[in-house]
Amino acid sequence: MPKNTEKKPLIVIASNRGPFSFEIGPDGEFEVKRGAGGLVTALSALAERHEVLWVAATMTSGDREWNRRSEGQARNVEGINLKLVEPEARAYEGYYNVIANPLLWFIQHQLWDIPRTPSITEETWDAWDHGYKPVNKLFAEAITESVAGTDRQIIVLPQDYHLYMVPHYLREQLGENAQIQPFIHIPWPGPDAWRILPTRVRIELLSSLLESNRIGFQTKKDAFNFVQTARFYLDGAHSLGRRDGIEYRGRDVAALDYPISIDVEQIVELTNEPTTKIEKNQLIDYAGDKQLILRVDRIEPSKNNLRGLLAYRTLLEKYPEHRGNVQMLALLVPSRMKVGAYQEYLRDIMAEAGLINANFSDSFWEPVRIVLGDNYPRAIAAMQIYDVLLVNPIADGMNLVAKEGVLVNNRNGVLLLSEYAGAFYELGEQALTVSPFDVYGTAEAMHQALTMAPAERKKRANTLRNIVMEADVREWFSSQVDDALRAVNSQSSSSSTPPTPETEKSAVSSTSSGISSD
Ligand code: GDG
């Protein structure tokens, strides 16, 4: 069926985790809970403003029940058209707990202890062939089924490292009838990091991505690393000196940066909600007259929670004047607790926090508090009152907490930001830079922030807030959709050849944030 370019395009988002999870309440009705994590934060508000179909996997028994009652069809939930796919449990286990997390996540954040881990075992191979690939195929089938018969242009946006094989299966099923445009939320390291994958897996993964029309990354550096990786491992892949595109098997695939941001309006609204205000008042009582060092992350080795504590310990040792006058609060959201490395990491965090409190506390002062749980209003409330926000990941695609923090904070707090967070390219100049491995340097930066002159704090905080307000998440989303539409329109008005990165580049520079990530 010829595509109707007059009508609004059909935008399909595919992501492992959907925007909501469902629980059945005591009255038998579904309670809808907003999902945790950056991707959901970024996409939920957008999906409400565009006509979007969102395809995601069931996570909970409530989700599965919701899916059964929906008879596997898409249904509108709080303005979002949601379709759930229900992978078979064993396949999902291999896809999620063996391949996506930890294997791909660890490769892309370079978290391995290489002499010991990982070992690619029969279980890994089984998880690739009978877990990751089938689950990706299921997503592609659900998308194909949902768009069947439409005469609208189809733009499919598979999100993140769970869905690298979706472009391949979608191309098999839809041919050139869809613009396929994955966005990769996490860092893309250079070719060496990918040595860990066996050859077949590496080739299947990379060549699937190269069946897309264009691929979005958080920074120019990630996009360039992808180009290098594909060129290095795929016979016949050429970039011809370009940093933002690659040709493979007759398709020219753009590799572009779309730095993600936050929904400024929605977050500001959240600060005015009664629940957030209650949380804020409780936190103000907790901090008292002490300076507050805050961190907000998932419990996650790449977020570097542990070295943050070690740096805090160093601060208290080296600068005793802060004892009794500073308070560290870590709001940690449990995630991936089925992965052994995450359980161990949490144990290490709790042990270190316990030691700090045992070593330094007195009857009036508890130096650090770790709060575990999923409470987004509390996170936003805490961000309003920090004096220092510690964001020190080993590697991070963007880090939305850094952007949310500087937006809502009303104490002219200082941002301590790792040079390996994607956000560093936008916010680094006004933050205090930390090298995530340098515990001593991080402690020095904490001291510098705690003793910074008020005028300097104010100047930095204002500049940071303005930077974030100018690049809202709508721009991130619309620049991707605009690029896809431009490509469809130029295809239908000229030939059927996929657009080249060169032709897209001029268009992109006017729509994306223009931040240099090199
Ligand atoms: C991935 C990439 C990239 C905080 N506490 C709770 C909660 N949050 C919110 C934060 C923030 C989000 O979750 C976390 O986003 P991050 O960007 O910091 O981190 P990841 O989850 O690792 O996100 C990352 C992002 O995708 C987007 O592309 O920036 O690099 O790793 O908004 O405020 N959310 C809920 N409960 C909480 O207690 N629901």
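Indexing begins at 1, ligand by ligand and atom by atom, following the structure's order. Position 1 is the first residue of the sequence, and the numbers go up from there.
Using a 4.0 Å cut-off between heavy atoms, I262 makes no contact with ligand 1 at all. Contacts with ligand 1 closer than 4.0 Å are made by heavy atoms of both the backbone and the side chain of L400. By the criterion of a heavy-atom distance under 4.0 Å, the side chain of E404, and not its backbone, is placed next to ligand 1. Contacts between V333 and ligand 1, counted as non-hydrogen atom pairs separated by less than 4.0 Å, involve the side chain only. The side chain of R298, and not its backbone, has at least one atom closer than 4.0 Å to an atom of ligand 1 (non-hydrogen atoms only; side chain from C-beta on). Under 4.0 Å from ligand 1, not a single heavy atom of F183 appears.
Contact annotation: Q218 has at least one heavy atom less than 4.0 Å from an atom of ligand 1. Residue contacts with ligand 1: K303 is included, with a non-hydrogen atom under 4.0 Å away.
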Would you sort out whether F226 and F217 count as a ring pair (Phe, Tyr, Trp, His ring centres under 6.0 Å), showing the intermediate values? CA-CA 9 Å; F226 174 79; F217 297 88; 5.4 Å; yes
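A side-chain N or O of E300 and one of Y342 form a donor-acceptor pair less than 3.5 Å apart. Judged by distance alone, the side chains of R460 and Q430 never bring a donor and an acceptor atom under 3.5 Å apart.
Residue A379 has no N or O atom closer than 3.5 Å to an N or O atom of ligand 1. Considering backbone and side-chain N/O of N375, one or more are found under 3.5 Å from N/O of ligand 1.
For the residues K33, M398, H185, the heavy atom positioned nearest atom 27 (C) of ligand 1 is part of H185.
The aromatic rings of W476 and F183 lie perpendicular to each other, with more than 60° between the two planes, well past the 30° mark. Under the 30°/60° scheme for interplanar angles, the aromatic rings of H162 and Y96 are found to lie parallel.
When each of K303, H109, Q218, H185 is paired with D396, the side-chain hydrogen bond (donor to acceptor under 3.5 Å, both in side chains) condition holds for K303 and for no other.
Scored by the side chain to side chain donor-acceptor pair (under 3.5 Å) test, N462 finds R465 as partners (sequence neighbours excluded). Applying the side chain to side chain donor-acceptor pair (under 3.5 Å) rule to N375 yields the partners E279; only residues at least two apart in sequence or on another chain are considered.
Residue V296 approaches ligand 1 through these ligand atoms, each under 4.0 Å from one of its heavy atoms: 4 (C), 5 (N).
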